[in-house]
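Written out below as structure tokens is the structure these notes cover.
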Amino acid sequence: KMRNVSVSVAAVLISIAALGSPALAAPENAADASQPHPPRIGHAAVTPRSLDADSRASAAAAAGSSLWTAYDSLFANAKYVDLSHTITPDMPIWRGFGNITFSPSVNKFTGQEFAYDTDGFVATAYKLTTDQMGTQLDAPAHFNPYFAASDEIPATFALRKLVVIDMSSKVSQNSSYALSVGDVLEWESRHGRIPQRSVVFVRSDWSKTWPYVNTDVFPQVLLETVQFLHLKRNILFHGHEPLDTDMTPNFDAEAWLLKHGYAQAEGVANLHMVPATGCLLTTGFPKFIGGVGNYARYVAVCPPNWEYGVAPGKTLEAPLP
């Protein structure tokens with residue numbers, strides 16, 4: 001089964017690379033990432049001046065058509081796995097934050113709750129005491145005012161290769177086990193080198209008992225491990241199931257990440273339903289100006305023969321039930 005997953009993934013990557021899209025075909029090393037890249041058509045790099053307006057429009061249309069073809073041949077039959085918790089008023093939250101509440105929205109002119117029979121619709125009011133709760137994407141500004149806030153995270157975070165490192169067997173023996181560099185190297189010995197600019201999620205199965213979880217003692221990721229992943233493997237960001245990266249008094253691993261401009265995912269769910277390699281990750285989040293956290297929706301896009309997830313058209317979508 002896993003060999004079939006790998007073959008399917010190879011097909012996905014080859015097909016995407018063939019599109020020649022600079023938005024999907026990232027440079028191969030971190031240094032290149034800081035340099036501007038000319039648009040690509042097929043395998044030939046071109047500059048804006050080499051194309052007149054009509055040619056550029058034709059090239060854009062061709063690229064768009066290729067992406068639609070890629071969707072029809074690859075993504076329309078893929079399996080989609082939700083990796084996010086539902087936000088509820090009684091969900092686990094870090095002990096320093098206040099409670100959140102949900103209530104019906106009230107018409108400011110009448111003081112009455114909106115209702116189907118009188119207004120034709122209803123709405124919900126949320127009292128959110130923090131943007132650091134549930135499944136989230138931490139912006140660097142959470143720990144460093146000089147780095148990006150939530151609204152400054154680029155749209156390029158939307159689609160990446162997904163790596164899942166499973167340490168759940170070790171966590172079952174030690175509930176505060178911390179992922180080490182050795183664990184990462186062991187994973188690579190079996191699956192190959194972690195792709196650059198990918199997303200690495202750490203499976204611990206801590207979230208399997210959500211919302212009945214221990215937010216004081218939980219699986220961790222060591223400081224040297226997040227440093228290795230970013231500085232040696234050049235990943236985009238990592239994520240974990242608990243609501244914090246580590247249990248050190250000063251949040252050593254989390255502090256290093258955010259103070260150096262790296263984002264991270266927390267409160268990730270359902271990683272037992274995703275293979276170690278072969279899937280893509282979609283990331284959706286709101287743009288709160290100046291926000292330091294994001295309520296995130298992570299979805300793994302896995303090969304059609306994967307045992308978990310649902311394919312488009314295989315569940316009620318439009319209209320919704």
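Counting from 1, the numbers follow the sequence of the chain as shown.
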Can you label the angle between the [X] ring and the [Y] ring as parallel, tilted or perpendicular, going by 30° and 60°?
X: Tyr295; Y: Phe288; value: perpendicular
X: Phe97; Y: Trp94; value: perpendicular
X: Trp210; Y: His85; value: parallel
X: Trp206; Y: Phe218; value: perpendicular

Linking I/L/V/M/F/W/Y whenever their side-chain heavy atoms sit closer than 4.5 Å, directly or via other members, would [X] and [Y] fall into one cluster?
X: Leu229; Y: Val181; answer: yes
X: Phe201; Y: Val221; answer: no
X: Phe157; Y: Val199; answer: yes
X: Val226; Y: Trp187; answer: yes
X: Leu179; Y: Val164; answer: no

Could you tell me whether the side chain of [X] and the main chain of [Y] form a donor-acceptor pair under 3.5 Å?
X: Gln132; Y: Val292; answer: yes
X: Tyr298; Y: Gln136; answer: yes
X: Trp306; Y: Val301; answer: no
X: Gln173; Y: Lys170; answer: no
X: Asn174; Y: Ser176; answer: yes
X: Thr135; Y: Ala296; answer: no
X: Ser168; Y: Ser204; answer: no
X: Asp246; Y: Asp252; answer: yes
X: Asp119; Y: Phe121; answer: no
X: Asn107; Y: Phe114; answer: no

Note to self: Other residues, nucleotides and ligands only: do more than 12 of their heavy atoms fall within 6.0 Å of CG on Leu185?
What the structure shows: yes
Margin query: With a sphere of 6.0 Å drawn around CG of Asn99, does it hold more than 12 non-hydrogen atoms of other residues, nucleotides or ligands?
Written below: no
Check: Does the side chain to side chain contact (heavy atoms under 4.5 Å, CB included) test come out yes or no for Thr129 and Ile93, once each step is laid out?
Finding: CA-CA 10 Å; Thr129 58; Ile93 197 170; 4.3 Å; yes
With the side chain counted from C-beta on, respond yes when [X] and [Y] share a heavy-atom pair under 4.5 Å apart, and no when they do not.
X: Asn294; Y: Pro286; answer: yes
X: Ile153; Y: Phe237; answer: no
X: Asp82; Y: Met273; answer: no
X: Trp256; Y: Phe143; answer: no
X: Lys79; Y: Glu307; answer: no
X: Thr215; Y: Arg95; answer: no
X: His272; Y: Asn270; answer: yes

Note to self: Does either side chain, that of Thr69 or that of Asp72, offer a donor lying less than 3.5 Å from an acceptor on the other one?
What the structure shows: no
Check: So among Glu241, Gln220, Met167, which one has a side chain to side chain contact (heavy atoms under 4.5 Å, CB included) with Val202?
Finding: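 Testing Val202 for a side chain to side chain contact (heavy atoms under 4.5 Å, CB included) against Glu241, Gln220, Met167 leaves exactly one candidate, Met167.
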Gap separating the [atom1] atom of [X] from the [atom2] atom of [Y], nearest 0.5 angstrom:
X: Lys127; Y: Thr101; atom1: NZ; atom2: OG1; answer: 5.5 Å
X: Leu243; Y: Asp138; atom1: CG; atom2: CG; answer: 10.0 Å
X: Asp216; Y: Met247; atom1: CG; atom2: CE; answer: 8.0 Å
X: Cys302; Y: Tyr308; atom1: SG; atom2: OH; answer: 11.5 Å
X: Leu236; Y: Arg160; atom1: CG; atom2: CZ; answer: 4.5 Å

Please name the pair of heavy atoms, one in [X] and one in [Y], separated by the smallest distance, quoted to 0.1 Å.
X: Leu137; Y: Ala263; value: CD1-CB, 4.2 Å
X: Ala76; Y: Pro312; value: O-CD, 3.3 Å
X: Leu316; Y: Pro321; value: CB-CD, 3.7 Å
X: Leu231; Y: Tyr262; value: CD2-OH, 3.7 Å
X: Ala300; Y: Leu162; value: CB-CD2, 4.0 Å
X: Val163; Y: Ser198; value: CG2-OG, 4.2 Å

Next item on the list: Walk me through it: do Ile87 and Met133 pass the test side chain to side chain contact (heavy atoms under 4.5 Å, CB included)?
Entry: CA-CA 8 Å; Ile87 298 175; Met133 66 179 190; 3.9 Å; yes
Next item on the list: Applying side-chain hydrogen bond (donor to acceptor under 3.5 Å, both in side chains), run through Asp205 and Ser207 and close with a yes or a no.
Entry: CA-CA 5 Å; Asp205 288 352; Ser207 65; over 6 Å; no
Margin query: Before you tell me yes or no, could you show the steps for Ile235 and His230 under side chain to side chain contact (heavy atoms under 4.5 Å, CB included), namely the whole-Å CA-CA distance, both residues' side-chain angles and the distance that decides it to 0.1 Å?
Written below: CA-CA 5 Å; Ile235 68 168; His230 282 284; 3.8 Å; yes
Next item on the list: Just do the side chain to side chain contact (heavy atoms under 4.5 Å, CB included) check on Leu280 and Lys161 with the steps written out, would you?
Entry: CA-CA 4 Å; Leu280 302 178; Lys161 298 174 186 177; 4.3 Å; yes
Next item on the list: With side-chain hydrogen bond (donor to acceptor under 3.5 Å, both in side chains) as the test, would you mind laying out the steps for Thr248 and Asn250 before giving the verdict?
Entry: CA-CA 6 Å; Thr248 59; Asn250 296 315; over 6 Å; no
